[in-house]
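A short write-up of the structure that comes next.
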Amino acid sequence: MAGEFYLEVITPERTFFRGNVEMVIVNSSDGELGIMKGHVPMVALVAIGTLKIKQNGKWREAAINEGFMEVRPDETIILSHSVEWPEEIDERRAQAALERAQERIRLRRSMKEYYQSKAAMARAMARLKVKKRYNID
């Protein structure tokens, strides 16, 4: 279709997504970025949060970790540490990770540990948000 562009989402373990899409929304360090066909070329940091993909008129959402994104008018490539569809998320594991991160933040032994715990907490919260939004067991 005329309004579509090619999207590829890659993690170290797999090619998470590959195909033509109508729009992509991803979190960056500057806020949400919406990408459509013909977008101005750019490179951006991907922040922990959600990845929203519109394909065939339907939206699909996934939890995404940090990474990079290269945007060109007819294609976008996202490289991320990890990306998960709602059905791939283990809710108990994500909840346990959130609780561990909250406890480490409470203890606050060092600034390095504090920042690592904040990132772990953000990842767990993004995973739980996606999982609960789609209520998939």
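Any value given below was found using the heavy atoms of this structure, including those in side chains, with hydrogens, waters and symmetry copies removed. Bear in mind the structure is a predicted one, so any value in this text is a computation, not a measurement. Residue indices begin at 1 and follow the sequence shown.
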- Message: Within the 4.5 Å heavy-atom criterion, are Leu51 and Val9 side-chain neighbours or not?
- Response: yes

- Query: Rounded to the nearest 0.5 Å, what separation is found between the CD atom of Gln55 and the CD atom of Glu4?
  - Reply: 7.5 Å

- Query: How many angstroms lie between atom CE of Met111 and atom CD of Gln116, to the nearest 0.5 angstrom?
  - Reply: 11.5 Å

- Full working for side chain to side chain contact (heavy atoms under 4.5 Å, CB included) between Phe17 and Ile53: CA-CA 10 Å; Phe17 182 90; Ile53 300 170; 4.1 Å; yes

- Hydrophobic cluster membership, Val26 vs Ile48, 4.5 Å side-chain cutoff: no

- Query: Do the charged groups of Glu88 and Arg14 touch, with an N to O distance under 4.0 Å?
  - Reply: yes

- Has the side chain of Ser80 got a donor or acceptor atom that lies under 3.5 Å from a matching backbone atom of Glu66? yes

- Heavy-atom nearest pair, Gly49 first then Ala126, reads O-CB, 3.6 Å

- Does Arg92 CZ have over 12 foreign heavy atoms under 6.0 Å away? no

- Provide the closest heavy-atom pair for His39 versus Gly34 in the form atom of the first, atom of the second, distance. CD2-O, 3.7 Å

- Verify the neighbour count for atom OH of Tyr115: are there more than 12 heavy atoms of other residues, nucleotides or ligands below 6.0 Å? no

- Kindly determine whether Arg60 and Glu87 satisfy salt bridge (Lys or Arg N to Asp or Glu O under 4.0 Å), including the steps that lead there. CA-CA 12 Å; Arg60 194 117 196 253; Glu87 59 272 15; 2.6 Å; yes

- Message: Side chains of Leu7 and Asn20, heavy atoms from C-beta outward: is any pair under 4.5 Å?
- Response: no

- Message: If I take atom CD1 from residue Ile35 and atom CZ from residue Arg72, how far apart are they, to the nearest 0.5 angstrom?
- Response: 13.0 Å

- Do the side chains of Phe5 and Glu75 get nearer than 4.5 Å, heavy atoms only? no

- Task: List in chain and number order the residues that pass ring pair (Phe, Tyr, Trp, His ring centres under 6.0 Å) with Phe16, two or more places apart in sequence or in another chain; answer none if no residue qualifies.
- Result: Trp85

- What do the steps show when you test Arg100 against Glu103 for salt bridge (Lys or Arg N to Asp or Glu O under 4.0 Å), and what is the final call? CA-CA 5 Å; Arg100 282 191 310 273; Glu103 178 62 17; over 6 Å; no

- Please assess Ile78 against Val46 for the test side chain to side chain contact (heavy atoms under 4.5 Å, CB included), listing each intermediate value before the final yes or no. CA-CA 8 Å; Ile78 298 173; Val46 173; 4.2 Å; yes

- Note on the structure: Residues Val83 and Ala62: closest non-hydrogen pair is CG1-CB, 3.9 Å

- Message: So Met23 and Val21, do their side chains get closer than 4.5 Å, heavy atoms only?
- Response: no

- Query: So do the side chains of Lys37 and Glu22 get within less than 4.5 Å of each other, counting heavy atoms only?
  - Reply: no

- Message: Show, in sequence, the C-alpha distance, side-chain angles and deciding distance for Leu45 and Phe68, and conclude whether the side chain to side chain contact (heavy atoms under 4.5 Å, CB included) test is met.
- Response: CA-CA 5 Å; Leu45 290 172; Phe68 297 92; 3.2 Å; yes

- Note on the structure: When every non-hydrogen atom of Pro86 is compared with those of Val130, the smallest separation belongs to CG-CG1, 3.5 Å

- So Arg127 and Leu98, side chain to side chain contact (heavy atoms under 4.5 Å, CB included) or not? Walk me through it. CA-CA 10 Å; Arg127 294 175 75 226; Leu98 175 61; over 6 Å; no

- Is any side-chain heavy atom of Met69 less than 4.5 Å from a side-chain heavy atom of Leu33? yes

- Query: Counting distance only, does the side-chain N/O of Ser28 pair as donor-acceptor with the main-chain N or O of Ala44 below 3.5 Å?
  - Reply: no

- Could you check if a side-chain atom of Glu91 sits within less than 4.5 angstrom of a side-chain atom of Arg93, using non-hydrogen atoms only? no

- Query: If we only count heavy atoms from C-beta on, is the Thr15 to Glu8 side-chain gap below 4.5 Å?
  - Reply: yes

- Item | Euclidean distance, Lys54 NZ relative to Met36 CE, rounded to 0.5 Å | 7.5 Å

